[in-house]
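Take a look at the structure below.
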Amino acid sequence: MEKYDHKKIEKKWQEKWREDGIYRISDNADEKKNFYQLVEFSYPSGNLHTGHWYAFAVPDIHARFKRMNGYNVLYPMGFDAFGLPAENAAIKNGGDPAEWTERQMEAMRTQLCSMGAMFDWSREVITCNPEYYKWTQWMFNQFLKHDLVYRAITMVNWCPKDQTILANEQVVDGCCERCGTPVVQREQPQWMLRITKYADRLIDDLDTLDWPEQIKAAQRNWIGRSEGSEIEFKIDGTQEKIKVFTTRADTLFGVTYVVLAPEHELVESLKSKVESEENRKEIEAYIEQTKHKLELERQQSKEKTGVELKGIKAINPANGEAVPIWIADYVLANYGTGAVMAVPAHDERDFEFAQKYNLPIKTVVVSNYEPITRVTALLVNKDKDLILQLWNKEDGKKLIGRFGGHVEIGENIFETLKREMKEEIELDINKHSYYFADYLDTHKDEGDILFVIEGVDVSTLKQHEGHEIIELQKYLPNTEGLSENTLNAWKKYTSNLYKADVREGILVNSSRFDGLSSEEARVKITEFVGGKLVKAYRLRDWGISRQRYWGCPIPIVYDPEGTAHPVPDEHFPWLLPTDVDHTPDGTAPLARSRELFERTEKIFGKGWTPEVETMDTFVDSSWYFYRYLDNKNSEVFAATEKINAWMPVDFYIGGAEHTTMHLLYSRFWNKVLLDLGLVTQNEPYTKRINHGIILGPDGNKMSKSKGNVVDPDAIVAQLGADTVRLYLAFMGPYEGGNYPWDPNGVVGVRRFLERVWKLKEKIDPEKKVCKTDPLVHKTIKGVGEDIEQFKFNTAISKMMILLNALEKEEKIVLGSYKILLKLLAPFAPHITEELWHELSGLSTSGEQVDSIHLTSWPEYNETKIVEENINVAVQVNGRVRAEIVFSADASEDEIKSKAMEHEMVKKWTEGKVVKRVVYVKGRLVNIVAS
RNA sequence: GCCCGGGUGGCGGAAUUGGUAGACGCGCACGACUCAAAAUCGUGUCUCGCAAGGGGUGGGAGUUCGAUUCUCCCCCCGGGCACCA
């Protein structure tokens, strides 16, 4: 018999599939449901590496599976062809980026074809093609019309050595990613997209998505919404006001100074009003210093610095108190209002600053802590995690109870607690902690206000009339009988308390707000001082200007007065000029194009000039998935009926690195398209998973310098594409994990394929039934379920188990073998296709055989999965003592009594009383005896 | 510091979601074939123990007839955010 030789079959079938066009997908296949599976397209930066294989060939398994299950599956491929990698390579090799890119794409297409994936190449999308970027420009114009684009001067990352702007992700630890030079901040006009306008929707709509919590959390983090208040502080003796943003309006009574960011717009006018020339110079010097502070320094040193604006005071709207005004760079200009009210008693940073510059610290207590009298300690941290330590009052030594949990202010847990505690003086700490946690849960809605204490000086509380607070430290040295865990918890929570102790506490009785939770107090106090409730975001607007050549030209022209105008739609594509030397020198390469300037003047008139910036490539990739649907349309970016036929993307698979970039940008882009009435879906991707990366055999990230790069082309040549696909799928669950490439492991799956190949020798066309039949059906079920969940590793394992079983048989049923081939087809499309056709000779009819990939997924019969016999484990007190085989229809009573009779059971229950017999259907019997 | 994931043999990883921990593969050991090697096939492989039996899923406790799985505390690793008021 001929040996399995991948070289003979893989190319052959790839060509045949292309000729037959079996992967060409129509928009409407009769009766079939459309399924859009998307993977992130790649930069045509050069060679296809293992990462590409992992990203494209493994999801192909799922796409093929869906197709065999009756879906009309679109699994397209294209190139994110603009951008730095292509441009850099072109610069290095002295070529034209367009030509260079075209060459790379051609090479990569060949490599991509070697995967044997079901890409529909007729739908290919290339972002650097004018037919594509014409629509990017058209959308930019739409954004512009709807006030979602603006030009602003912003701070950008600037590498002084490379003379170029760097995107945030190109700044690593405050240094330029490429040359390691510390990055400086520089003011630069930029075209901005108003993504912040969509911040709320981008957060809120995450709830509707079937995405991993991890990704959602990262996006929430990135957008960074926090709800707070904007409160105005009048500046004494002027008309000016300082607006501050705070999430802790309830601490307004504790404000002891106000801080502006050095870049704050009011600083300019205020500095002329300071009391001395000397102070003014000091201020100017500080502002200057901040401006030139390297990003690196900002990150490394959190040492507080600042300068007071002497002689000017801000008025606290809550109590009319005049407090000093400072500028300090710990206040960020572009977050909130760029100004904060400082409450050192309740904010770590303000506290540090106040300590350094000797500013007063005032503690605010908004509280009603009446019930505390009989408990030795009650602490609430700022997350409202309540920790209650109950000490025996009599000798003050024994910790009799402790509990923790999230608590809402307003629970009157105390009275009942007292009652409960009376009976149990010596509670076991660990045992009872649950009891109390449960208790908290069930009494959430009852009772009066209990307390809010935060950062409170114990001695201050003591002075408060009518309440008895026993100081914790009195009992601290007495650690007898406490477990280590308790002791640690104790230390942790008391250390918070002592931190407050350090502060010079002044009790401010804001009785008006007594008895409110800090949340309620926040709202009430904001109202009281005429502030407003606002939200602040960490997310900034999206700067899309790039001073590079190889990108989509921003379709803007300037009139002779310098006013910007959009290039009208009829001039699209607004072509990227080619008469440009694109060696980077810190200026935009397009500024050197004669053709572009001439074109502009010719169309718009003398003195008009073009925008010379290009767009961030994340713009290109923000809508590419729409173009796959209708990639040749010259009238619209994609026809509505095609959009409706396919969108939203059912399944989007990609790398974790895009979590807060591409995934957020394209969601934003989609929402804008929705608002403009161009599309109908609120979210572009229904389901998303992130895959991990393939590491080198040494467990490190593959890199040329480490010499651990695995070249997929070489492995494919040696072992075949099917083996590589199978191995990548077998390494571990597809979602999330990073796996080292194990050269032995690949050989292992190759062995599996060879055994599948050899197994055909055992086929007996006459044989109709076999004892492996139940396993065959079980495997169909299991493999299908696993693929659905992207657990390819266990799917393969199940096929291996089936193969192991079939190999043990003398002869096997043809049907079983065919099923195995079908199950394996999505994983190893070539070998299965070859065997499938070879087997057609064994079938009775002589007609033409279809591709295995056009057949449907085998069906399993649930009743056939049931095995004849079951193994029941017999336990005595939870330990397995015996195993008994029963026929599958044995009754519970029968199984139980047989188990009781077993000699091992007798041995282990000797002299004991059987208290209970637990039976788990078809699995085990547990005999409880003592 | 905050927010998400994780922690199981020598390794990648399984475990029907509370029911016989370690599937499947790699590696390793032994055996068969061979003059020999490779390839292939077979057997074994968590750990202590000759065995009977005991221990064991990062550590400590708890709930349960029974815990890798649930609860609490702690430790460690990976990722995101971070002077965000």
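Worth knowing before you read on, the calculation uses all heavy atoms, side chains too, and leaves out hydrogens, waters and symmetry mates. Quick caveat: nothing in here was measured; it's all calculated off a predicted structure. Naming: A, B, ... by sequence-line order, numbering from 1 per chain.
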Polar-atom pairs under 3.5 Å, protein N or O versus N or O of nucleotides 49-54 of chain B: list them with distances, or write none.
from, atom 1, to, atom 2, distance (Å)
B:G54, OP1, A:R881, NH2, 3.3
B:G54, OP2, A:R881, NH1, 3.0

Pull out every protein N or O sitting under 3.5 Å from an N or O of nucleotides 11-13 of chain B, one pair per line with the distance.
from, atom 1, to, atom 2, distance (Å)
B:G12, O2', A:M731, O, 2.5
B:G13, O3', A:N793, ND2, 3.4

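Nucleic acid contact class of A:G224 (heavy atoms, under 4.0 Å, all strands): none. A:Q875 comes within 4.0 angstrom of a nucleotide base, judged by non-hydrogen atoms across all strands. Contacts of A:E352 with the nucleic acid, taken as non-hydrogen atoms under 4.0 Å apart, are absent. Backbone-only contact: A:K791 has heavy atoms under 4.0 Å from sugar-phosphate atoms and none from a base.
A cation-pi arrangement is absent between A:R725 and A:W53 under the rule of less than 6.0 angstrom and at most 45 degrees off the ring axis. The side-chain tip of A:R881 points at the ring of A:W908 from less than 6.0 angstrom away and within 45° of straight on. Geometric assessment of A:K304 against the ring of A:Y330 yields a positive cation-pi assignment under the 6.0 Å and 45° thresholds. A cation-pi arrangement is absent between A:R750 and A:W757, since the terminal nitrogen or guanidinium carbon is not both under 6.0 Å from the aromatic centre and inside a 45° cone about the axis.
Look at CD on A:E754: it is 9 Å from C1' on B:A39, rounded to the nearest Å. B:G79 atom P lies 16 Å from atom NE2 of A:H691, rounded to whole Å. Between the C1' atom of B:A39 and the CZ atom of A:R750 lies a distance of 12 Å, rounded to the nearest Å. A:L728 has its CG atom 15 Å from the C1' atom of B:G25, to the nearest Å. Separating the CG atom of A:L695 from the P atom of B:G78 is a distance of 13 Å, rounded to the nearest angstrom. The interatomic distance linking A:M341 (CE) with B:A85 (P) rounds to 12 Å, in whole Å. Put simply, CD1 on A:I223 is 17 Å from C1' on B:C2, counting in whole angstrom units. As rounded to whole Å, 7 Å separates atom P of B:G42 from atom CD of A:E807.
Panel note: side chain A:D786, backbone A:A795; a donor-acceptor pair is recorded below 3.5 Å. Distance alone, capped at 3.5 Å, is enough to place a donor-acceptor pair between the A:K216 side chain and the A:L206 backbone.
The base of B:C4 lies outside donor-acceptor range of the side chain of A:K216, with no N or O pair under 3.5 Å.
Glycosidic conformation of B:G25 is anti; the angle lies outside 90° of 0. For B:U17, the glycosidic angle deviates from 0 by 90° or less, giving a syn base.
In this structure, the nucleotide among B:A85, B:C83, B:U20 sitting nearest to the side chain of A:V340 is B:A85. Ranking B:C81, B:A85, B:C24 by closeness to the A:M800 side chain, first place goes to B:C24. If you check B:C41, B:C83, B:G80 against the side chain of A:N221, the one that comes closest is B:G80.
The partner of B:G66 cannot be assigned: no Watson-Crick or G-U wobble pair with both contacts below 3.5 Å exists in any strand. The partner of B:U40, taking Watson-Crick or G-U wobble pairs whose two distances both stay under 3.5 Å, is B:A32. Pair check for B:U57 finds none; no Watson-Crick or G-U wobble contact set falls under 3.5 Å. Remark: B:A14 base-pairs with no nucleotide; criterion is Watson-Crick or G-U wobble with both hydrogen-bond distances under 3.5 Å. Pairing of B:C2, defined by two Watson-Crick or G-U wobble distances under 3.5 Å, is identified with B:G80. Across all strands shown, B:G27 is found opposite B:U45 as a Watson-Crick or G-U wobble partner, with both distances under 3.5 Å.
Taking atom P in both B:G59 and B:C65, one finds a spacing of 24 Å when rounded to whole Å. Atom name C1', nucleotides B:A29 and B:A21: the rounded distance is 24 Å, in whole Å. Atom C1' of B:U69 sits at a distance of 40 Å from the matching atom of B:G31, rounded to the whole Å. Across the P atoms, B:A82 and B:U68 are found 40 Å apart, a figure rounded to whole Å. B:U8 and B:A67 are spaced 14 Å apart, taking the C1' atom of each and rounding to whole Å. Comparing the C1' positions of B:C48 and B:G1 gives an interatomic distance of 45 Å, to the nearest angstrom. To the nearest whole angstrom, the two P atoms, one in B:A14 and one in B:G25, are 15 Å apart. Of the P atoms belonging to B:G53 and B:G60, the separation is 26 Å, rounded to the nearest Å.
With 3.5 Å as the limit, one finds a donor-acceptor pair spanning the side chains of A:Y335 and A:S226.
Residues A:I215 and A:L924 each lie close to RNA chain B; by heavy-atom proximity, the contact nearer the 5' end of the strand is made by A:I215. The nearest heavy atom of RNA chain B to A:E213 and to A:N871 marks one nucleotide each, and the one closer to the 5' end goes with A:E213.
For B:U40, the OP1/OP2 oxygens have a side-chain nitrogen or oxygen of A:R751 closer than 4.0 Å. A:K535 has no side-chain polar atom (N or O) that falls below the 4.0 Å cut-off from OP1 or OP2 of B:A85. For B:G27, one of the phosphate oxygens OP1 or OP2 lies less than 4.0 angstrom from a side-chain nitrogen or oxygen of A:N744. OP1 or OP2 of B:A85 has at least one side-chain nitrogen or oxygen of A:Y335 nearer than 4.0 Å. The shortest distance between the side-chain N/O atoms of A:N926 and the OP1/OP2 oxygens of B:U64 is not below 4.0 Å. In this structure, A:R916 reaches the B:C65 phosphate: one of its side-chain N or O atoms is under 4.0 Å from OP1 or OP2.
Annotation: A:K915, atom NZ; neighbour count of heavy atoms from other residues, nucleotides and ligands within 6.0 Å does not exceed 12.
Here the CG atom belonging to A:N926 is positioned 4.5 Å from the CD atom belonging to A:Q875, to the nearest 0.5 angstrom.
For the pair A:L726/A:L824, a side-chain contact is recorded, criterion being any heavy-atom separation below 4.5 Å from C-beta on. A 4.5 Å side-chain heavy-atom check between A:M799 and A:V783 finds at least one atom pair inside the cut-off.
Using cut-offs of 30° and 60° for the angle between ring planes, the A:H658 and A:H662 rings count as perpendicular.
A pairwise comparison of heavy atoms in A:A729 and A:I61 identifies CB-CD1, 3.6 Å as the closest pair.
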